[in-house]
Protein chains: 2
Amino acid sequence: MTMDTRETIMAIARKMVQTRGYNGLSFRELAKEVGIKSASIHYHFPTKGDLGAALAKRYTEDGLSYLQGLRMESDDPAVWVRGYTEIFRMALVNDNRMCLCGIMAAEYDDLPPEVRKEVDGFTDLNVQWLADVLSVCQSQLDNEQRQRHALAIYAAVEGAQLIARGRGDITVYDRTIETYRVAGLLP
Amino acid sequence: MTMDTRETIMAIARKMVQTRGYNGLSFRELAKEVGIKSASIHYHFPTKGDLGAALAKRYTEDGLSYLQGLRMESDDPAVWVRGYTEIFRMALVNDNRMCLCGIMAAEYDDLPPEVRKEVDGFTDLNVQWLADVLSVCQSQLDNEQRQRHALAIYAAVEGAQLIARGRGDITVYDRTIETYRVAGLLP
DNA sequence: ACCTGAACACCGTTCAAGT
DNA sequence: ACCTGAACACCGTTCAAGT
């Protein structure tokens, strides 16, 4: 089982960005971990923006597969939502990392346009999936209300991860999610 | 009305960090805006960490004054909470900026210890103030439940700002906050 | 007391040159 | 096809030198 250089770069870079952000990603540091020179990174990804956009695109695709899988494995909306908050939880459990697009959202003003586009796409995917779930379990809501509620859930979960990551305490995340559930923000 | 150099540096740097983050802050760019050389910034703030910590400390102090003022001007918890969400709204209205400590929380792993300490202090202040408000309007909750609920509110509001800032759309923030209120997360 | 130019090791990027 | 060394303009930081 070998991995081509491009995939190795993406795998290592994704972890670095999830930890230190887009601005915190260094081509020289990345190259050292991959075992090539920093100039060689540019052969695979001409600019840092190209790499950032590729990372966010892949991250969104992987997220979509996971979320689609969730809906196939169960018929219970409560299980879907629990699976949803579990993805964000796992990032924290794995070396206190953040959602790739959550951390890059904070750097939005510094992002090249091609990266912004993919970060926006990740948000759209999350809101769309959550709105679909709400159409099953909160069918009394109209479409606009579902979109609004889905966006609120996404924002709240990203916020919970952001604060818990600063605290370095997974129980902060768990308690916050539980509070959202009790309040009725999460179905 | 003159302003000494140190205060000028802090005022301009605060805006820069609220827009581009701690990593995005450049001493050379900052110096150019202030009208001195970048080496001179180091006279007032020996390291970037010293500047970042001073900014977060001042930001927390200013936030505290504002929040204390809110509680004195009214007896209505609903007005207090509305005033609370309004601070975060104003940052967005002012050039789509973020909460200084919210944006730095995303860069937590890159922050020097002295900056982390002040960012943590900002979180503590927010949670404490919110818990105090809850002790007035949700007095049936015990202390631990209030702390937990206060943290959830803070996380959700930071998340709403993060997502709305990426969208560049203030109505996203307004709708998300309103959804929190309807769901019962906000008192 | 406050500022500066020059140097240092870093950064992303480019490009001619290697295999 | 893939990689590299060297150069460029950037970065935070240091420090001897200026007023």
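In what follows, chains are A, B, ... by sequence order, proteins preceding strands, each numbered from 1.
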Taking D:dC3, D:dG5, D:dT13 as options, the one with an atom nearest any side-chain atom of A:A39 is D:dG5

Atom pair distance, as rounded to whole Å: CG in A:N23 and C1' in D:dC11: 12 Å

Distance in angstrom units between A:L51 CG and C:dC11 P, rounded: 15 Å

Nearest-angstrom distance from the residue atom CZ of A:R6 to C1' of D:dC3: 16 Å

Using purine N1 to pyrimidine N3 plus N6-O4 or O6-N4 for Watson-Crick, or N1-O2 and O6-N3 for G-U wobble, each under 3.5 Å, what pairs with C:dG5? D:dC15

Rounded to whole Å, how long is the line connecting atom NZ of B:K32 with atom P of C:dC3? 18 Å

For the residue pair A:D50 and A:T47, confirm or rule out a side-chain donor-acceptor distance under 3.5 Å. yes

A:L30 CG to C:dT13 C1', in whole Å, measures 15 Å

Starting at OH of A:Y43 and ending at P of C:dG18, how long is that distance when rounded to a whole Å? 18 Å

Please assess A:Q18 against A:M98 for the test side-chain contact (heavy atoms from CB on, under 4.5 Å), listing each intermediate value before the final yes or no. CA-CA 5 Å; A:Q18 284 189 262; A:M98 275 194 69; 5.6 Å; no

Within 45 degrees of the axis of the six-membered ring of A:F27 and under 6.0 Å from its centre: does A:K48 put its NZ or CZ there? no

Under 4.0 Å between a Lys/Arg side-chain N and an Asp/Glu carboxylate O for A:R165 and B:D109? yes

Find which nucleotide of DNA chain C each of A:P46 and A:S26 is nearest to by heavy atoms, and output the residue with the more 5' nucleotide. A:S26

Whole angstroms only, please: what is the NZ-P distance between B:K48 and D:dC11? 10 Å

Residue met sooner reading DNA chain D from 5', once A:K37 and B:L25 are mapped to nucleotides: A:K37

Taking any strand in view, what nucleotide pairs with C:dC10 in a Watson-Crick or G-U wobble way, both distances under 3.5 Å? none

Between atom NE2 in B:H42 and atom C1' in C:dG5, what is the gap in whole Å? 14 Å

Using the side-chain contact (heavy atoms from CB on, under 4.5 Å) rule, pick out the option among B:V93, B:I87, B:L92 that qualifies with B:R89. B:V93

Base, sugar-phosphate, or nothing for B:F27, non-hydrogen atoms under 4.0 angstrom? sugar-phosphate

For D:dA1 and A:H44 - does any side-chain N or O of the residue sit under 4.0 Å from the phosphate oxygens OP1/OP2? no

May I ask you to evaluate whether A:S40 reaches the phosphate of D:dA1, defined as a side-chain N or O under 4.0 Å from OP1 or OP2? no

